[in-house]
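Remarks on the structure that follows.
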Amino acid sequence: DGDELAEAYSRRKGFAYGRAGRPLQSPQLLQSVLADVQLAYQNLDSVELGVTTVDTYFDTLGGVSRAIKRAKVARDGAGAETAPVYIGDQTRDGLGGGIV
């Protein structure tokens, strides 16, 4: 369920550091920031771990993309645009000539 994935991402990533230097859960702040996101991007820069060998790429990008969509719908309504998701592969050559 996409909403469940968005909720899990938001609960785990929705912290900000306050003036006292301690993390505080700040769901409103996260929703505000997510509503303005234009795209999600993950950079792959190691040949040791590929995009298909690490669940983090899929878990994180899936969670953030669903959380972005949910925040945009909450702000803009059902017609809100979906932010595209990209994975950049910078492992193609030693000069950083990868592809997105």
Side-chain angles (χ1 to χ4, degrees):
D1 178 21
D3 285 334
E4 185 178 340
L5 188 57
E7 184 59 31
Y9 180 87
S10 297
R11 274 196 320 268
R12 292 181 184 150
K13 304 295 183 182
F15 290 86
Y17 284 87
R19 291 183 180 168
R22 296 188 180 143
L24 303 169
Q25 196 162 23
S26 304
Q28 296 86 3
L29 177 59
L30 179 62
Q31 294 307 308
S32 173
V33 171
L34 288 174
D36 288 329
V37 170
Q38 295 178 5
L39 65 90
Y41 177 82
Q42 175 69 49
N43 186 46
L44 178 64
D45 60 1
S46 171
V47 293
E48 295 177 12
L49 299 173
V51 71
T52 58
T53 58
V54 181
D55 289 341
T56 303
Y57 291 110
F58 293 108
D59 293 346
T60 301
L61 285 176
V64 74
S65 66
R66 293 303 297 220
I68 291 167
K69 178 67 174 177
R70 188 171 71 168
K72 287 180 176 292
V73 168
R75 184 188 68 188
D76 302 333
E81 291 190 27
T82 302
V85 176
Y86 298 102
I87 298 175
D89 184 354
Q90 306 305 316
T91 63
R92 296 290 181 207
D93 66 28
L95 303 174
I99 56 173
V100 176

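- A distance of 13.0 Å separates OG1 in Thr82 from CG in Leu39, rounded to the nearest 0.5 Å.
- Taking all atoms of both residues into account, the shortest heavy-atom contact from Ala16 to Ser26 is CB-OG, 3.8 Å.
- Note that the CD atom of Gln25 and the OG atom of Ser10 stand 9.5 Å from one another [nearest 0.5 Å].
- In this structure, Arg66 and Glu7 have side chains that are not in contact, with every pair of non-hydrogen atoms separated by 4.5 Å or more.
- Atom CG of residue Asp36 and atom CD of residue Gln31 lie 11.5 Å apart, to the nearest 0.5 angstrom.
- By the criterion of side-chain heavy atoms lying less than 4.5 angstrom apart, applied directly or through intervening Ile, Leu, Val, Met, Phe, Trp or Tyr residues, Val37 is grouped together with Tyr9 in one hydrophobic cluster.
- Closest approach of Ser65 to Val85, counting heavy atoms only: CB-CG2, 3.6 Å.
- When all heavy atoms of Leu61 and Gln42 are compared, the closest pair comes out as CD1-CB, 3.7 Å.
- In Glu81, the CD atom is not crowded: 12 or fewer heavy atoms of neighbouring residues, nucleotides or ligands sit closer than 6.0 Å.
- Leu34 contributes atom CG, which lies 13.5 Å from atom NZ of Lys69 (distance to the nearest 0.5 angstrom).
- Minimum interatomic distance between Ile68 and Ala40 (heavy atoms only, all atoms of both residues): CD1-CB, 4.5 Å.
- In this structure, the side chain of Arg75 engages the main chain of Ala35 through a donor-acceptor pair within 3.5 Å.
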